[in-house]
Amino acid sequence: MCLAIPMRVTKVQGDPDDFLSNQIATVDADGISKEIRLDIIDHWPAVGDYVIIHAGFAIHSLIEEEALKNISLLRELAENTPEELLS
Amino acid sequence: MKYVDEYRDSTLAKPLVDELQRAVTKPLRVMEVCGSHTMAIFRNGLRTILPEGMELVSGPGCPVCVTSASHMDAFIAMADQPGVRVTIFGDLFRVPGTHTSLAIASSRGAKVDIVYSPMDALDLAEKNPGELVIFLGVGFETTTPGIAATILAAKNRNISNFVVFSTQKLMPPPMIALLSDPALKIDGLLCPGHVSSIIGAGAWEPLAKDYNLACVVGGFETADLLKSLILLAKQVGSEEIKVENVYPRAVAWEGNARACKMVDEIFKPTDMDWRGLGNIPLSGLKIRSKYSSFDAEQRLDIDLPKAEEPKGCMCGEILKGLSTPNECPLFDTRCTPANPIGPCMVSSEGTCAAYHKYGRDL
């Protein structure tokens, strides 16, 4: 139920400070394009940013630096595994 | 898909599997509390590579599974009322109440619509002004902010034929209730990823500090899951118990303040019934009186009947991590996905459904 996936923002509408404005972004992933709500997102996204979508709402704007650091730490952990343990 | 595929990379996973073997230095039981985690662990085959001494148990994190039979009966009774259209997330459709389900009610003529988002339910209300459109709020912290935003949108758009029946639940209170049960011995918790996107990794700190429970917030791809299990094993091995976040691309330590503010505007904590766990104080959310015109319980005369659990069904014990589906006499005999008796077999994220799909021997 709490499934959520990252999608790329291609268009942003509305005013972050005005809940009455239509706070909507167009997002896409793997060729699927969709309009989602920005009412509850933590940081207002810009075009090109990735946001995490759950049930039609963006719940988190993904910080690229965090994601890159995350994957590079995992790579580091993987690469530091001694060769003899890799069978 | 960016930010997904790289975490599924097998060149990354293989060394992490080996690292996990080395990280387990003493026996440990880990609970994965989120239904999406349960499915992701099975899908990735991680149960087949668990090191000796590491045990995984599923917890009460599938919202459909923990919905009380009494609430299910009330949902069905509402759907049967004239002039009412009930909107739900798809998981709920086939869940049995005491005698029937929303699916059966729908086949008898009740209006039951499956929606992707609560906003779609609001649009249905706008298009059908002669009906009362009820959204059945069945979910955890991840889902609540969107429902709150939808109620606010209903107010702003002056849509008066839209209401929410909230059985929204909070994740930390049942965990604390479970930890107080001496029958359940767990050493670590794989904290739910997207619940934590909202409430923050820091929300799990009381569990680590007061209950000495190793806590790791993890994502849902292969590398995320492996890294989470490695850190849980290391924490338990070193006895340095704390909260760690290995899903920083989706979870901040302090959570999503904007979403929490939205939830607080619309909802307040209340005591809530959980299937299998009973009534847990302040573990649910109800709509504040300021927004009572959007509260189904205020608008309709809703009777919460005393419901009976199906005889022999062990969903309650399974949800508490005390039993596995294999121990249930109904599992894969009378209770199957095609003809489910308990909710853990209905929901695609239910523990019984996962055991049925991916192998009962695991």
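Below, chains carry the letters A, B, ... as their sequence lines are ordered, and counting in each starts from 1.
- Interface remark: B:Val246 contributes backbone atoms only to the contact with chain A (heavy atom separation under 4.5 Å).
- Contacts with chain B were tallied for A:Ile41, A:Ile40, A:Leu20, A:Ile52; A:Ile40 has the most, counting heavy-atom pairs under 4.5 Å.
- Side chain of A:Ser61 to backbone of A:Pro45: no donor-acceptor contact under 3.5 angstrom is found.
- When heavy atoms are compared at a cutoff of 4.5 Å, B:Val263 does not approach chain A at all.
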Could you list the donor-acceptor pairs under 3.5 angstrom formed between side-chain atoms of residues 22-34 of chain A and any protein atom two or more places apart in sequence or on another chain?
residue: A:Gln23; atom: NE2; partner: A:Asp15; partner atom: O; Å: 2.8
residue: A:Gln23; atom: NE2; partner: A:Pro16; partner atom: O; Å: 3.4
residue: A:Gln23; atom: NE2; partner: A:Asp18; partner atom: O; Å: 3.3

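- With a threshold of 4.5 angstrom between heavy atoms, A:Ile59 approaches chain B through its backbone and through its side chain.
- The contact between B:Ala250 and chain A is made by backbone and side chain atoms together, counting heavy-atom distances below 4.5 Å.
- Both cation-pi conditions hold for B:Arg249 and B:Tyr7: the charged atom is under 6.0 angstrom from the six-membered ring centre and inside a 45 degree cone around its axis.
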### Query
Step by step, would you call B:Lys234 with B:Glu19 a salt bridge (charged side-chain N to carboxylate O under 4.0 Å, His left out)?
CA-CA 10 Å; B:Lys234 283 187 173 168; B:Glu19 174 74 14; 2.8 Å; yes
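- Using a 4.5 Å cut-off between heavy atoms, A:Ile36 does not touch chain B at all.
- Residue-environment remark: NZ (B:Lys261) stays at or below the threshold of 12 foreign heavy atoms within 6.0 Å.
- Most heavy-atom pairs under 4.5 Å with chain A, from the set B:Cys34, B:Ala149, B:Gly146: that is B:Gly146.
- Taking the six-membered ring where the residue is Trp, the centroids of B:Tyr247 and B:His194 are separated by under 6.0 Å.
- Proximity to chain A (any heavy atom under 4.5 Å) is restricted, for B:Asp9, to the side chain, taken from C-beta onward.
- When heavy atoms are compared at a cutoff of 4.5 Å, B:Ile198 approaches chain A solely by way of its side chain, counted from C-beta outward.
- Qualifying side-chain hydrogen bond (donor to acceptor under 3.5 Å, both in side chains) partners for B:Asp264, counting only residues two or more places apart in sequence or in other chains: B:Arg288.
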